[in-house]
Amino acid sequence: MAPVVRHSDDPPPAPKVKWINKQRVLVFCSQGIRHTPLNLMKNLRTLLPHSKSEPKMDKKDPVREINEICAGRNCNKCIYFEQKRHDLYLCKPFLDHTMVFNANDGDQIWFRNYQIVDEGQSLEEIGPRMTLSLIKIFEGSFGGKTLYANPRYVTPSVVSSPLGQLAATG
């Protein structure tokens with residue numbers, strides 16, 4: 001015979017609490033930013049569902065005001081894009097680091113990680129370094145019409161084959 005179990009004596013199950021993301025990221029840029037980095041910023045903003053936007057910040061304003069802007073928008077994190085000449089700087093003002101994106105080669109994007117030293121007067125490269133080589137850019141995600149194809153890209157299988165090695169050496 002099975003033992004008698006009284007379910008009324010069991011404690012009630014704990015109610016499930018829905019987790020709420022309380023992280024808010026402010027994503028914005030300085031004035032004078034070109035269209036390509038601006039599109040990168042907008043795409044990043046759409047990828048972050050917990051992001052907020054802000055009008056462009058005047059370059060004359062000190063970078064310390066970013067913290068006040070974040071506090072006013074109720075954000076606890078920030079991604080700030082600033083363009084100087086052809087380099088794009090990604091600043092995280094709550095830390096003493098910045099990242100530089102450079103796309104001068106046309107089919108490569110160079111990433112460099114710097115630490116801000118001497119009270120913001122100079123940068124020291126701390127790494128890691130990274131270079132992305134563009135292969136193809138599609139109209140849709142992972143497929144669709146090819147918008148860009150790198151003519152100099154050689155697949156690893158061609159490089160590892162004997163004929164490919166012979167063609168590469170020349």
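Fair warning: this is a prediction, and the values are worked out from it, not measured in the lab.
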| field | Same apolar cluster: Trp110 and Ile135, side chain cutoff 4.5 Å | value | no
| request: Specify the closest pair of heavy atoms between Phe28 and Pro55, including all atoms of both residues, with the distance to one decimal. | output: CD1-O, 4.0 Å
| When rounded to the nearest 0.5 angstrom, what is the spacing between CD in Glu125 and CD in Gln115? | 12.0 Å
| remark: dist Leu40:CG -> Ile33:CD1 (nearest 0.5 Å) comes out at 8.5 Å
| field | Steps toward side-chain contact (heavy atoms from CB on, under 4.5 Å) verdict (Asn113, Phe111) | value | CA-CA 7 Å; Asn113 192 7; Phe111 292 85; over 6 Å; no
| task | Report the residues that fulfil side-chain hydrogen bond (donor to acceptor under 3.5 Å, both in side chains) with Asn150, sequence neighbours left out, ordered by chain and then residue number. | result | Asp107
| Linking I/L/V/M/F/W/Y whenever their side-chain heavy atoms sit closer than 4.5 Å, directly or via other members, would Ile109 and Met130 fall into one cluster? | yes
| message | Nearest 0.5 Å, please: how far is NE2 in His50 from CG in Asn76? | response | 8.5 Å
| message | Going by side-chain hydrogen bond (donor to acceptor under 3.5 Å, both in side chains), name the residues that satisfy it together with Glu54, two or more places apart in sequence or in a different chain. | response | Arg73
| task | Begin with the C-alpha distance, continue with both residues' side-chain angles, and end with the deciding distance and a verdict on side-chain contact (heavy atoms from CB on, under 4.5 Å) for Phe138 and Thr146. | result | CA-CA 5 Å; Phe138 297 110; Thr146 302; 3.7 Å; yes
| note | On a heavy-atom basis, the closest approach of Cys29 and Leu38 is SG-CD1, 4.1 Å
| query | CZ/Arg24 to SG/Cys78 distance, rounded to the nearest 0.5 angstrom? | reply | 15.0 Å
| said: Thr36 vs Met41, test: side-chain contact (heavy atoms from CB on, under 4.5 Å). Steps then yes/no. | reply: CA-CA 9 Å; Thr36 304; Met41 182 194 70; over 6 Å; no
| field | Rounded distance [0.5 Å steps], CD1 in Ile79 versus SG in Cys70 | value | 10.5 Å
| Do Lys136 and Leu147 touch side chain to side chain, with heavy atoms closer than 4.5 Å? | no
| query | Do the side chain of Ser51 and the main chain of Arg45 share a donor and acceptor less than 3.5 angstrom apart? | reply | yes
| field | Straight-line distance of Leu44 CG to Thr46 OG1, nearest 0.5 Å | value | 7.5 Å
| Steps toward side-chain contact (heavy atoms from CB on, under 4.5 Å) verdict (Gln83, Phe81) | CA-CA 7 Å; Gln83 187 159 11; Phe81 291 93; over 6 Å; no
| query | What do you reckon, is CG of Asn39 surrounded by more than 12 foreign heavy atoms closer than 6.0 Å? | reply | yes
| field | Over all atoms of both residues, closest heavy-atom pair of Gln108 and Ser133 | value | NE2-OG, 3.3 Å
